[in-house]
Amino acid sequence: MPPRKRQYWLVKSEPSTFSFDDLLASPGRTTCWDGVRNYQARNLMRDGMRIGDRVLFYHSSTEPAAVVGVCEVVREAYPDPTQFDRRSEYFDPKSRADEPTWVMVDLRAVERLPVPLTLAELRSAPALAGMELLRRGSRLSVQPVTAEQFAAVRGLAGLR
DNA sequence: GCCAACGTTGGC
DNA sequence: GCCAACGTTGGC
């Protein structure tokens, strides 16, 4: 079986909740990506994300909203414990311990972009015309990104 | 704070 | 299974 090609993703986070700086400050620059409560986003994490995949880190609901860094998948999908924690805002009373509904992955910071790439800048880049993030009404907090889009984002930020 | 877009819930 | 009501996301 040929080795699987590295795939690319984008995750959204409100920096007031968890920022790229928070990720850099985390032990091993790594965090578990808990709290995802959307089936499509879950399926992308569970069925798509593999160790070594690269992930754009996007700050949403902030001024300006922007892609600020790159991280990588260092652990593949496993049950998100917050779904069973009554005190957690992510508690899901319908999820069963023997059949968890929600999963998370572990992400490790790879690099901060030299400059944040704002939504407006992303929109003005022809190479990114098809990006899910830029679709009207796009709300998915975990999205696939093509290799070309990923390279274009890094290039726009002045990397290599 | 507004509101468009979208996902989820629940009555039928 | 339909669909209206409701809740959430997230740009502006």
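Just so we're on the same page: letters track the sequence lines, and every chain starts at 1. Note that the coordinates shown come from a computational prediction; the quantities given were computed from them, not determined experimentally.
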K.L.:
Sort and list the pairs that fulfil ring-ring contact (aromatic ring centres under 6.0 Å, His included) and have at least one residue in residues 56-85 of chain A, not counting sequence neighbours.
P.N.:
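Sorted result for residues 56-85 of chain A: A/F20-A/F57, A/W33-A/F57, A/F57-A/H59.
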
K.L.:
Could you note down all residue pairs passing salt bridge (Lys or Arg N to Asp or Glu O under 4.0 Å) where residues 131-150 of chain A supplies at least one of them, sequence neighbours left out?
P.N.:
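Sorted result for residues 131-150 of chain A: A/E132-A/R135.
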
K.L.:
Using 0.5 Å steps for rounding, measure from the CZ atom of A/R75 to the CE atom of A/M49.
P.N.:
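Rounded to the nearest 0.5 Å, the CZ-CE separation comes out at 15.0 Å.
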
K.L.:
Taking A/D22's backbone N and O only, do any of them form a donor-acceptor pair with A/S26's side chain (distance below 3.5 Å, no angle check)?
P.N.:
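Between the backbone of A/D22 and the side chain of A/S26 there is a qualifying donor-acceptor contact (under 3.5 Å).
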
K.L.:
Taking side-chain contact (heavy atoms from CB on, under 4.5 Å) as the definition, give me every residue that meets it alongside A/R96, ordered by chain and number, with sequence neighbours left out.
P.N.:
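side-chain contact (heavy atoms from CB on, under 4.5 Å) check on A/R96 returns A/D98, A/E99.
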
K.L.:
Please work out which residues in residues 127-138 of chain A have a non-hydrogen atom less than 4.0 Å from an atom of DNA chain B and list them by number.
P.N.:
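Output list: A/R135, A/R136, A/G137.
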
K.L.:
Strictly distance-based, threshold 3.5 Å: is any side-chain N or O of A/R54 a donor or acceptor partner for the main-chain N or O of A/G52?
P.N.:
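Flag set: sc A/R54 to bb A/G52 pair under 3.5 Å.
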
K.L.:
Quick check for you: name the first and last nucleotides of DNA chain C, 5' to 3', having an atom under 4.0 Å from a heavy atom of chain A.
P.N.:
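That gives a stretch of C/dG7 to C/dC12.
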
K.L.:
With sequence neighbours excluded, give me every salt bridge (Lys or Arg N to Asp or Glu O under 4.0 Å) pair touching residues 80-93 of chain A.
P.N.:
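Qualifying pairs: A/R37-A/D80, A/D85-A/R87.
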
